[in-house]
S.K.: 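Structure below; questions to follow.
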Protein chains: 2
Amino acid sequence: MPTNSPTLKEVAQRAGVHVTTASRALNPATSSLVNPATMRRVQAAARELRYQPNAMARGLKTSRSMSVGVLLPDLTNPLFPPIVRGIEDVLAASGYTTLIANTDNDLERQRTLFDTLRARQVDGVIIATARRDDTLFAEAHQQGLRMVMVNRRVDQSDIPSVTGDDHDGIAMAVRHLIELGHTRIAHVGGPQHTSTGRTRQRAYRQALDDAGIELDPGLLVTAQEFTEAEGATAARAMFESGKRPTAVVAANDMIALGCLDVFAERRMRCPRDISLVGFNDMPFVDRLTPPLSTVHVPHYQIGAEAARMLLERLANPDLPAKSITLPATLVLRESTAAPKV
Amino acid sequence: MPTNSPTLKEVAQRAGVHVTTASRALNPATSSLVNPATMRRVQAAARELRYQPNAMARGLKTSRSMSVGVLLPDLTNPLFPPIVRGIEDVLAASGYTTLIANTDNDLERQRTLFDTLRARQVDGVIIATARRDDTLFAEAHQQGLRMVMVNRRVDQSDIPSVTGDDHDGIAMAVRHLIELGHTRIAHVGGPQHTSTGRTRQRAYRQALDDAGIELDPGLLVTAQEFTEAEGATAARAMFESGKRPTAVVAANDMIALGCLDVFAERRMRCPRDISLVGFNDMPFVDRLTPPLSTVHVPHYQIGAEAARMLLERLANPDLPAKSITLPATLVLRESTAAPKV
DNA sequence: CCTGAGTTTGCAATCGTTTTCCGCCGCTGA
DNA sequence: TCAGCGGCGGAAAACGATTGCAAACTCAGG
């Protein structure tokens, strides 16, 4: 009486064949082994019964669950939905189901969720929560679990990854500000335990260096997390220590939001009094006041590419690990202007 | 060599007991059947091997997958992530895994995804994509599939649902505008095949009626979808037909965004020239120009409540269907003002 | 009419659990 | 001393599919 889906056996009975034959008839890979006429009978029976193969039974036998896990910090951060869509769209096209887990940046929780995913026998994992020094994933990777990192990566490891071009993105942002005439350019960095936070900060230093501008250490602060609140805290600290940049490069858009809050607190108008560039081009930052200039990263593509890469490795386990970097582009809106003289 | 997770059998061997005993020892519900000392031995063995029960094998045997499906229009719409988080948080606490599927408002796709979910033997489904006239779900519901609707519901059906208070929300919005002195109040409605679109539009008419304001049919337009583009199209049509409202109530924030675009096209400033109220209080609408006044709906709660309700019904299948309505609140920001005289 | 190759089909084992049914063991009470 | 009982643990059958192997059948060629 409850959800009694028809089983393969029932289909077979209805078609008057053995369950083996039914199995073969319904599976494109083996259907050539069965007489075309029988195959049609079986398929008809399946259709009439609205037969759906039991994924768990199949998975148990084949030891492939046709599902992959995705580990995110937090789905609620607008950065991630596009990535997830990219992943889901390509995975679904190959018959895979996506399992999403939110770690909330909690290592304990992450470990639990990761275990749950493994208990569900996911065929692979896509990870967006990597810390540079992570060992959990490296270990699982050794053990043969297929995975790919998105957005962030792990230091010196041969886990494949797909990321945006953090370095180039920041370089473009800094160059843009310099061209506008800025020299006192600050950076509100992201957590240094993430590859993104670290790479972007390094890119900032290097871009300054390339332009022959000496770094004022007081203009370099780092937020503890990629959040509006932490971004604000870091920016506030900088201003309170008396520093007066004419432009700020934020490590991401959330942090930029925090900067905007601090500007407002201090009655500085953006871009008149101070310029700001974000990173990621999250949805809706084009509708802020002012519309935020930021580095666009093709998140949907990143997700899609990561999924493709995972599929590839699922099909061919010992492919060499590669890292894909997708180009970033600077999108200029209204949060940057020449410095006041 | 590949992902060879330890099996229950190996745990049993290591503990020197039969697999049956190992199973009982590890399962809290049956562990009282085994000697405490043996139980400890088994648990130790399990821990040492980092044993994780194979969810597929277990599910196959128990015919409970401990997973539930969630059907969304599009994860990329900022409305949904909070709902999903609410769902996931309570479901995860009970050991359930969440499977998310995006239908993109495509009925065909929805049908396929729904079938995939069933193939995965989900124990229940939470649906955010309902159309008022839906039959697909009603049918599955008859067949005993547990489900609950979030946000939207299906006409005259006994499928349980959790929604925000659409009627009251709009009523508050309209009353607020009337108190401000507006009388030419327009409504850009949402698709009428959704319960939200329809209920909100009715609430608009009724609120006007309650205030003794006669409805100008030209001030009532409806968008084909809950999107910025469709919202803009509908609003544009209204203005082009010569109507001059002093305030607009949008059926949701996306549509409100579209209205804002049209205001800008026509060089109308909000709220100076025209007031606007949205619906949902999506993330970031507080940072628009102007910060959007809107009806706040507790999306996380809605998700959490829906999950709880599903859990309840999973535990006790023939609970009577109930509908929960969560209160909406009007949040006033800067997009409404008294009409110009 | 028989042989053998080729095509279809069925049998049975199996994946890793859970669960029902039993049997063993030791203890108690008469 | 022995029947009976409770507590514990094992045997074996499932759950619904896939798959190696072998049986059955078809048909052509000798």
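Atoms considered below: every heavy atom in the structure, side chains included; atoms not considered: hydrogens, waters and symmetry mates.
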S.K.: Without decimals, in angstroms, what is the distance between B/Arg118 CZ and D/dG16 C1'?
M.R.: 17 Å

S.K.: If you round to the nearest 0.5 Å, how far is OG1 of A/Thr129 from CG of A/Asp74?
M.R.: 12.0 Å

S.K.: Take atom CG of A/Leu26 and atom P of D/dT19, then tell me their distance rounded to the nearest Å.
M.R.: 14 Å

S.K.: Measure the distance from CG on B/Asn27 to C1' on D/dG9 and round it to the nearest whole Å.
M.R.: 16 Å

S.K.: Could you tell me whether a side-chain N or O of A/Thr30 sits under 3.5 Å from a main-chain N or O of A/Arg24, the two making a donor and an acceptor?
M.R.: yes

S.K.: So if I take every side-chain heavy atom of A/Ser23 and compare against D/dG9, D/dT19, D/dC15, which nucleotide ends up nearest?
M.R.: D/dT19

S.K.: Looking for any heavy atom pair under 4.0 Å, which part of the strands does B/Thr62 touch: base, sugar-phosphate only, or nothing?
M.R.: sugar-phosphate

S.K.: How many Å lie between CE on B/Met56 and P on D/dC15, as a whole number?
M.R.: 18 Å

S.K.: For B/Thr38, which contact category applies under a 4.0 Å heavy-atom criterion: base, sugar-phosphate, or nothing?
M.R.: sugar-phosphate

S.K.: A/Asn54 has an atom CG; how far is it from atom C1' of D/dA14, in whole Å?
M.R.: 14 Å

S.K.: Tell me: CG of B/Leu8 to P of D/dG10, nearest whole Å?
M.R.: 12 Å

S.K.: In terms of side-chain heavy atoms of A/Arg24, which of D/dT18, D/dG10, D/dC21 is nearest?
M.R.: D/dC21

S.K.: For the backbone of A/Leu26 and the side chain of A/Ser31, can you confirm whether one donor and one acceptor N or O come within less than 3.5 Å of each other?
M.R.: no

S.K.: Return the 5'-most residue of the pair B/Leu60, B/Leu33 with respect to DNA chain D, ranking by each residue's nearest nucleotide.
M.R.: B/Leu33

S.K.: Kindly indicate, with the supporting measurements, whether the criterion salt bridge (Lys or Arg N to Asp or Glu O under 4.0 Å) is fulfilled by A/Glu108 and A/Arg111.
M.R.: CA-CA 5 Å; A/Glu108 177 65 27; A/Arg111 157 133 239 146; over 6 Å; no

S.K.: Can you give the first and last nucleotides of DNA chain C, 5' to 3', that have an atom under 4.0 Å from a heavy atom of chain A?
M.R.: C/dT8 to C/dG16

S.K.: When you check the phosphate oxygens OP1 and OP2 of D/dG9, does a side-chain N or O of B/Thr20 lie under 4.0 Å from one of them?
M.R.: no

S.K.: With nearest nucleotides of DNA chain D determined for B/Ala57 and B/Ser32 from heavy-atom distances, which residue corresponds to the more 5′ nucleotide?
M.R.: B/Ser32

